[in-house]
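A short worksheet on the structure shown next.
The sequence lines fix the lettering, A, B, ..., with proteins before strands; numbering per chain opens at 1.
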Amino acid sequence: MVSDFGSRRSCGALRASDEGAVVELNGWINRRRDHGGLIFVDLRDRDGITQIVFDPKQPAFADAERLRHEDVLRVNGTVRKRPIGTQNAKLPTGDIEIGVDRVDVLNRSLVPPFAVNTDDDVEENLRLEYRYLDLRRPRLQRNLTIRHRIVKAMRDYFDSREFLEIETPMLIKSTPEGARDYLVPSRIHPGSFYALPQSPQLLKQILMIAGFGRYMQIARCMRDEDLRADRQPEFTQVDVEMSFCTQDDVLEIMETCMRHVWHEVLGVHLPPFPRLSHAQALERYGTDKPDLRFGLELTDVTQIFAHTEFVVFASVVRASGAVLALRYPGGAALSRRDFDALAEIAKGHGAKGMVWVSLDAGGPKSSAAKFIDAATAELLREAVGAENGDAILLFADARGAAASVAGKMRAEIGERCSLRHPGDFAFAWVTDFPLFERDEESGLPAPAHHPFTAPGEGQWDLIDTDPMAMRAQHYDMVLNGFELGSGSIRIHKPQFQRRIFEMLGLTEEQIEQRFGFFVKALDYGAPPHGGMALGIDRIVMLAVGETSIRDVIAFPKNQMARDVMMDAPTSVPESLLRDLALRSAAPVPRPQGGAQ
RNA sequence: GGCGCUGUAGCUCAGUUGGUUAGAGCGCCGCCCUGUCACGGCGGAGGUCGUGGGUUCGAGCCCCAUCAGCGUCGCCA
């Protein structure tokens with residue numbers, strides 16, 4: 001970054017070849033080294049650090065004695081080579097320094113509450129309160145820079161593939177189902193509300209109906225649900241939709257996008273993404289977002305226990321459940337107490353229990369030794385491909401429940417065995433999702449993704465006979481165990497869309513009221529279309545090796561969905577509520593006692 | 001809402017089976033220092049141990065409650 005304003009330069013720009021140049025630098029004091037008779041100041045901006053030297057012979061020296069961390073300076077001076085032996089190889093600007101002619105203190109800073117010139121750990125709440133200082137630190141400067149490059153690479157890529165970026169509104173209609181909406185009350189229509197978009201789903205489909213053919217948008221989405229390290233109430237997606245396409249077309253476009261981004265930004269060449277069916281993913285990894293950086297696939301060992309006398313396993317087998325085995329490399333080194341702790345973790349993930357078999361050199365040991373003799377242990381060892389020194393963990397339950405627990409424990413073992421290298425990028429496609437899944441509470445079919453997803457070829461025939469068996473043209477992109485996003489080929493025939501709504505138990509009136517505008521649009525020549533949306537926050541998080549998307553978002557909210565810097569949300573004056581025809585039903589907050 | 005971890009100086013942390021005056025590094029303040037770059041040297045200030053209650057002769061440490069932060073389950077069509 002070389003500034004284009006006269007003699008002004010960035011703090012990362014100057015080199016030995018600039019010797020003799022008369023320049024102006026602006027920046028913050030990163031560090032000051034006072035030798036009494038000579039003062040060095042490291043001046044910092046986004047671009048880098050340049051050493052400024054104050055000599056006692058100069059009038060500016062008196063100012064330099066009063067400078068402190070994070071003061072803001074303008075420095076006018078001359079670029080000169082550093083004396084032999086005093087160059088700093090750690091800095092790109094380390095061969096030169098600025099001999100000061102004049103310094104202006106543009107602003108002073110209070111002593112910052114934490115060190116700005118390092119990435120040392122600081123309690124996150126404090127970082128969020130002083131986010132402007134946190135953002136000055138190297139880590140977030142780097143993360144947001146890379147985020148910019150990733151988004152730019154995406155825009156360039158989609159532009160080159162003839163996608164148009166089109167903005168969609170933030171104030172839209174609430175369409176119940178799905179996540180909880182953020183609502184915005186209407187002043188002009190008392191008692192009525194806009195919703196903030198959970199995604200531009202229907203709008204982008206309508207853009208296809210409108211004939212735009214290929215759409216993309218860097219779109220902000222809002223969902224009022226509980227937060228996680230990888231979930232914020234507002235987040236950003238690269239949202240994509242295209243007409244007259246097949247599922248393979250969408251996968252090709254999106255996969256090439258990621259390959260382009262990784263190459264442009266990280267200089268990494270990605271291999272083709274492996275494809276797994278949803279059923280395969282569950283069977284082999286116990287999750288629909290497997291971490292493919294390592295193997296340790298689950299093994300179905302139900303047959304080995306077909307005639308077991310072990311009551312726990314026998315009853316599972318009788319109930320058509322499954323016994324799933326997971327290899328724990330080096331797990332034989334664990335003590336009984338260690339295995340007990342591991343079983344507790346499994347229970348935390350919903351396991352009814354966990355049986356372990358330790359393949360010790362002196363013969364197998366097990367928490368169910370009475371029922372797992374040496375021959376059985378050998379069968380297990382062969383089945384999971386384990387070696388002496390490994391352990392095998394067994395989970396028995398209904399097939400889905402056992403797979404879910406075993407999948408989470410697979411991640412745990414991968415972590416313990418250091419198989420999840422942050423620099424590895426294991427992308428994958430998961431395809432052939434079921435169209436419906438059983439709603440836990442009502443027991444009725446509910447859309448596995450959203451109700452606009454088209455079933456696969458020939459699947460419509462099943463809707464009256466076996467809807468739960470219907471496969472969808474729905475696909476997820478997965479990276480290192482995170483779901484980056486999902487997409488589908490959409491239903492474009494209005495009669496089919498109505499059929500799905502009916503299937504979900506919506507009445508004619510409800511369809512009209514909630515989705516009438518959309519079904520009407522389908523009636524006017526909607527083209528076949530499909531698309532996808534990827535979570536940019538998660539992509540950037542994984543690209544830069546962070547473990548929370550808060551570290552790739554400039555102003556994130558904490559786990560209680562609070563903006564700690566602004567202190568939002570807050571109550572508002574009664575008069576504002578009156579304008580909106582609202583009255584708060586919230587309990588009167590009790591005085592906050594003893595925060596920190 | 002459940003479970004887990006955490007809360008001691010401005011920051012990051014240590015603090016023994018409960019025992020006298022709660023420590024370290026960094027930062028901060030002052031003085032000294034002309035080639036440092038995590039500069040160095042000397043000196044100094046700085047603590048309701050998250051909050052409230054309890055047990056005890058005595059609590060940073062034990063117990064109960066509560067607040068806050070993070071992780072996770074539920075939730076996220």
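- Look at A/R44 and A/E70 and you find a salt bridge, because one of the NZ, NE, NH1 or NH2 atoms lies within 4.0 Å of a carboxylate O, short of that distance.
- Side chain A/R231 to base B/rC75: a donor-acceptor pair is found below 3.5 Å.
- Across all strands, A/N117 comes closer than 4.0 Å to no nucleic acid atom at all (heavy-atom distances).
- The residue A/L126 sits close only to the backbone: its heavy atoms come under 4.0 Å of sugar-phosphate atoms, none of a base.
- Of the listed nucleotides (B/rC28, B/rC76, B/rG35), B/rC28 has the atom at the smallest distance from the side chain of A/V111.
- Here A/F40 lies parallel enough and close enough to stack on the base of B/rU36, with planes under 30° and ring centres under 5.5 Å apart.
- In a base pair of the Watson-Crick type (N1 to N3 plus N6-O4 or O6-N4) or a G-U wobble (N1-O2 and O6-N3), with each distance short of 3.5 Å, B/rU34 is matched with no nucleotide.
- Backbone-only contact: A/P113 has heavy atoms under 4.0 Å from sugar-phosphate atoms and none from a base.
- Note on A/R562: nothing from the nucleic acid sits closer than 4.0 angstrom, heavy atoms only.
- Using a 5.5 Å limit on the distance between ring centres and a 30° limit on the angle between planes, the aromatic ring of A/H35 counts as stacked on the six-membered base ring of B/rC39.
- Summarising the geometry, the separation between CD on A/E70 and P on B/rC11 is reported as 17 Å, rounded to the nearest angstrom.
- Nucleic acid contact for A/R228: base, since at least one base atom lies under 4.0 Å from a heavy atom of the residue.
- One atom, CD of A/E124, and another, C1' of B/rA68, lie 14 Å apart when rounded to the nearest Å.
- Counting non-hydrogen atoms under 4.0 angstrom, A/Q87 reaches a base of the nucleic acid.
- Rounded to whole Å, the C1' atom of B/rU6 lies 24 Å from the corresponding atom of B/rG46.
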